[in-house]
Amino acid sequence: MPETVPSDRVTAVAAAMMVYLTDRQFDAEKINRFTTLCEEIRRDFDLDSRLALAERLEREAPSNDNVRLRSVLFLLTGDLYHYERILHYLILGGDSADPAALHYTHWCMSRQLFLGVASGDKLASFVPCDQFRYYTAMVRQIARRWGLTPPRAVLRDGPIRRVAVVTNQFTNQGHQPTRDCFDFAARMQDEFGLDVAIINVNGLPARVESVFIPPMIAEVAADLEGVYALRMFGRQVKVASFTHPAFSQDKLRVIVEAIDGYDPDLIVSFGGSNIVADLFADSGARPVVALPTSSGITLSLAPIVLGFEERDHTLSIPALYRGPFARRFRPFTFGYTLPPSDGVRVDTGFADGTPLFAVVGTRLDQEVTGEVLGLLDDILDHCPDAGLVFAGEVRDLQARLAPLRNGQRMRCLGHVPDIRALYGLCRVFLNPPRQGGGGGAAFALAEGVPVVTYGWGDGAVVSGPEFCVSGRDAFLERAVTLATDAAAHAAAGAAAKARFIEIGDRNRCVERLLAYGEEARTLLRAEHAGAN
């Protein structure tokens, strides 16, 4: 157990926190300063001290801003009780709650859950119970209050001919979900002969709607506005993109009308919490299939929600809440298409031939915690000739390497445009404990780079059981073996390539997606017939 932080330091931090918790005037700079303070406390204080601080703040802080206070208490403790309080407060507020604030709160919470901040026994039931019911109520409230219930379409006979792929975020070809969305759409169009349009809702928060700590502001590609033909990787697909930052009645009405005007036979809801697609799904206006971009529970109101993998993940949901998810689950493999590579050598800062470990991601500042750095330091202790590279944009990770024993053998490369060229120089892909990491692991496998990962999250799902370990000691042992044992590395490299062949058939994935689309059309026809 770490030594508890002295009480005088807790008192000083509590005083600093109270300044922000009682302030009535906030701007972006002040929210960022408050967030930085909370994140420093979470990183520097042990759990017992953070719990003591949270108890003190809950007793002394004003209760007139439930979202601000409870989001801070959750960030300090990881206790989902505080998120429950926020959700119940907003839903019980009924029509007095601004839909934009409901939407913003949902995404801020979702991001923290994705980053693994939550802890405790409530985690198993929070998403399928509290968050799913909140999300459902939010979608229905938006439909009712903003008059956004789409009319029921006349379902055409014959096979699917026209598909709308509705996505919350579509930015550039360096963004993995954007590449995946485009690839699914292009394959439906080019390999299956369908009329396909990507509807880029930009449905993630693009501006602050409340003092939720930490805030969430998503990237919006402002130049992708309007209706146009987008060319990427030698293919071209129609895109309708809506970049206005406000989550508003006017914006959503224009999008709903655009989809209705396109008159698709099928809506593919690309990714979870896809409110626009769910307006169509919940009203039974058009057939909808939800295509998750991550493992675990997907929040969707679609009648068919595909798995990120074949295994039925709903079996892990508590029985009381499992029903709505189990009924709609269909086994699926997300699949991957390799990004292009020109094979030009990436400058790693290490001498040629140095055995390199790779850690890759878009949220490395959050995912590479102090515990992860300690593990990486131990791995390099056992591999004196090796180096380690971090690929992905970072803000403060480089500075956190300095105190490590082997910090001089760790390098932050920033964004690497040609990730496959980097993998060509690497010996082992190390996946930190996180929900994401699927794309990075998949492309490593394709290049014959063995993966070491804990047994949960996208990286584990993509890599399969052979590359999963049960705990820290096993992670350390496996990483060292792959770096130092040539025979073990050769066998693992061959298994990595075989695994990618197994999971990487995106064309087969599209074929299965369209088959589930036909099932969704059949279900909706039966629903319409029963209503008449």
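All residue numbers in this chain count up from 1 along the given sequence.
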Inset, instruction - Could you tell me whether R512 and E310 make a salt bridge, using a distance below 4.0 angstrom between a side-chain N and a carboxylate O? - result: yes
Inset, instruction - Go through the side-chain N and O atoms of Q435 and S295 and say whether any donor and acceptor fall under 3.5 Å apart. - result: yes
Sequence neighbours left out, cut at 3.5 Å: what donor-acceptor pairs do the side chains of residues 187-198 make with other protein atoms?
residue, atom, partner, partner atom, Å
R187, NE, D183, OD1, 3.4
R187, NE, D183, OD2, 2.9
R187, NH1, N507, OD1, 3.0
R187, NH2, T337, OG1, 3.1
Q189, NE2, Q236, O, 2.7
E191, OE1, R235, NH1, 3.3
E191, OE1, R235, NH2, 3.3
E191, OE2, R235, NH2, 3.0
D195, OD1, K238, NZ, 2.6
D195, OD1, Y262, OH, 2.9
D195, OD2, R162, NE, 3.4

Legend entry - Of all pairs that satisfy ring-ring contact (aromatic ring centres under 6.0 Å, His included), the ones with a partner from residues 153-188, not counting sequence neighbours: F184-F334
Inset, instruction - May I ask you to check whether T178 and Q169 show a side-chain donor-acceptor distance below 3.5 Å? - result: no
Inset, instruction - Please state whether the rings of H106 and Y135 are parallel, tilted or perpendicular, taking 30° and 60° as the class boundaries. - result: tilted
Legend entry - NZ/NE/NH1/NH2 to OD/OE distance under 4.0 Å, K122 and E84: yes
Legend entry - Check ion pair R156-D263 (N to O, under 4.0 angstrom): yes
Inset, instruction - Answer yes or no: is there a side-chain heavy-atom contact under 4.5 Å between H82 and I86? - result: no
Legend entry - Side-chain ion pair, E209 and R207, N-O less than 4.0 Å: yes
Inset, instruction - Determine whether the side chains of D130 and H88 contain a donor N or O and an acceptor N or O closer than 3.5 Å. - result: yes
Legend entry - Over 12 foreign heavy atoms within 6.0 Å of CZ, R24: no
Inset, instruction - Could you tell me whether the side chains of S49 and D46 share a donor-acceptor contact shorter than 3.5 Å? - result: yes
Legend entry - side chain to side chain contact (heavy atoms under 4.5 Å, CB included) partner of E219, chosen from L204, N202, N172: N172
Inset, instruction - Indicate whether the side chain of T314 and that of D312 have a donor and an acceptor atom separated by less than 3.5 Å. - result: yes
Legend entry - Nearest heavy atoms of T243 and S241, plus distance in Å: CG2-OG, 3.8 Å
Legend entry - Parallel, tilted or perpendicular, as decided by the 30° and 60° cut-offs, for the rings of F247 and W146: tilted
Legend entry - Pair D180 + R506: basic N to acidic O under 4.0 Å: yes
Inset, instruction - Check salt bridge (charged side-chain N to carboxylate O under 4.0 Å, His left out) between E257 and all other residues, then give those that pass, not counting sequence neighbours. - result: none
Inset, instruction - Report yes if some heavy atom in the side chain of C468 is under 4.5 Å from a heavy atom in the side chain of Y454; otherwise report no. - result: no
Legend entry - Ring-face cation of R328 near F325 (centre distance under 6.0 Å, axis angle within 45°): yes
Legend entry - Trace of the side chain to side chain contact (heavy atoms under 4.5 Å, CB included) decision for V165 with I199: CA-CA 6 Å; V165 182; I199 311 298; over 6 Å; no
Inset, instruction - Return yes if a side-chain donor-acceptor contact under 3.5 Å exists between Y89 and R85, otherwise no. - result: no
Inset, instruction - Might you work through the side-chain hydrogen bond (donor to acceptor under 3.5 Å, both in side chains) test for N200 and T167, ending with a clear yes or no? - result: CA-CA 5 Å; N200 178 25; T167 180; 5.5 Å; no
Legend entry - S110/Q131 under side-chain hydrogen bond (donor to acceptor under 3.5 Å, both in side chains): CA gap, chis, key distance, verdict: CA-CA 9 Å; S110 295; Q131 195 182 23; 2.9 Å; yes
